[in-house]
Amino acid sequence: MTEDEYDAVDELNFFRQEAALSHAELWLRYFELGGMSTGFDLEAFLYGVLAPSDHDHDVIAQALNERFAELGGNHPVLYAAR
Amino acid sequence: MSMTKDPPDFRAVTNFKGDAATITLGGNVDNTAAYRLGEILDAAIDRRPAVMVLDVAQLDFIGADGLLAISHAKNRLTALGVTLTIQPSSALVNRRLRIVELAESSRLERALPERGHLGPEQLIGKEPLPPRFASSLSPEDLRRVTALPTNPDVINGALRLLVELARISIGGADGVSVSLLRHGVLATVAASDQTIMAMDADQYATGQGPCVDASIKGHWFHAESLDTETRWPAFTPQARGLGIKAILSSPLRAFDKPIGALNIYSRTAQSFEIWDQESASVFARQASVILSDARVDVSDTQMAIRFQNALQSREVISLAQGIIMERERVDKERAFNALRRASHSQNVPLREQAKMIVLSATQSALRPNQVLDD
């Protein structure tokens, strides 16, 4: 994945589906990592309706990446913060 | 006559004879092609035809957005006093149009903002919206309305609607039900009629049948013809007695475990085609999402444990962040990033990394020569 593709509208949702996580499951994992947004906000982030802050994006990315690691993969979701 | 540049597999030819427009569609109208279809219909309507015919005989597939494009065109034409004739109206398209009508009458809101038609100028942002699900129904819409957890009436209503949508849209379906495993016991939570309720009950009572197996084993079971079926000897004769000849059960899953099944019954043997099986699996996934969001999939105890774990995890991560903030003189977000990078380089989950940091900080704080706050 290149930087250009990085801000695709549904990137996070694409990865959510790849990771076979329901919205609720992803939210719970995000919440576990300290995420402060509601499930409703999270969905808005996933579908590009609301733009998450860099921090929120990174917490979601971390939740997804940990899931990919559980599935034996690497960390495919890029972070906003370097 | 004009041939249009279209997405692969989608063909549309607009033909004007005087003020009569005929648009011939062919191939697949998936959700991406639907935008193109919206443009084509708009362009034809802009020429103010007195008659408009949509020929869908060569159409192989049309998704929810395609149907909405047609539905919007129909509304636009109605406002102009023109009738849109769809011909020859295949059973497939009819069935799918009924879904849209049902969805609209059920006040299902589109995920997109209100729009009069599907012209490109109304797309949000710079990119066309990506196709979200390869289903004929847009599960997002249904989900959005049904994503109101904890109210059992809403959940049951959502499941009943889903059952009805599945019954209408899956070819060969005479009845549909949703079985759910609650506290280790299977029960029917939504069914299209009493016969189907009885059919499910027979399976629970005998402990046999595709519904039971799909719910417990977590993969799908297809009884193509109960006349030759041998897998469930106690249950099969009872189903035949109620006139059922074929059953397709797709598992429902939440939090990675099987929690129930979506069951489709037919009075005709061999009535489920490949695409019906695909539709069934889309509906089953949808039911899974409704149930996951409603959190009725796991017992109260399991849920309580998960939330407790989640809260503990937050607590430990927050503590570790605090330690890093103090040690590195950084803000909370930078502390999170440091934690995340450390967890990645150590190849452990962030929560474990946080635990190690808290533990080592606690140990150093517990050195005997230090004065402790009680």
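Here is the naming used below: chain letters follow the sequence lines, and residue numbers restart at 1 for every chain. Keep in mind that this is a model prediction, so the values were computed, not measured.
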How many angstroms lie between [atom1] in [X] and [atom2] in [Y], if you round to the nearest 0.5 Å?
X: Arg285(B); Y: Gln17(A); atom1: CZ; atom2: CD; result: 8.5 Å
X: Asn74(A); Y: Asn347(B); atom1: CG; atom2: CG; result: 10.5 Å
X: Arg334(B); Y: His55(A); atom1: CZ; atom2: NE2; result: 13.0 Å
X: Ser53(A); Y: Glu333(B); atom1: OG; atom2: CD; result: 6.0 Å
X: Ser343(B); Y: Asn65(A); atom1: OG; atom2: CG; result: 9.5 Å

Practice task
Name all residues meeting the side-chain contact (heavy atoms from CB on, under 4.5 Å) criterion together with His344(B); count only those two or more places apart in sequence or in a different chain, and write none if there are none.
Solution key: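 With neighbours one apart ignored, the set is His75(A).
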Handout entry: Ile317(B) versus chain A, the contacting section by heavy-atom distance below 4.5 Å
Key =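 The side chain, not the backbone.
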Handout entry: Which atom of Phe336(B) lies closest to which atom of Val59(A), heavy atoms considered
Key =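 In this case the closest contact between Phe336(B) and Val59(A) is CZ-CG2, 3.7 Å.
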Problem - Within 6.0 angstrom of Glu352(B) CD, more than 12 heavy atoms from elsewhere - result: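 Result for CD/Glu352(B): enclosed.
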Problem - Side-chain donor or acceptor of Arg314(B) paired with backbone N/O of Phe31(A) under 3.5 Å - result: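 Judged by distance alone, yes, a pair lies under 3.5 Å.
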Exercise for the section: Spell out, as yes or no, whether a donor-acceptor pair under 3.5 Å connects the side chain of Gln62(A) to the backbone of Arg340(B). Expected result: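 No; zero donor-acceptor contacts below 3.5 Å.
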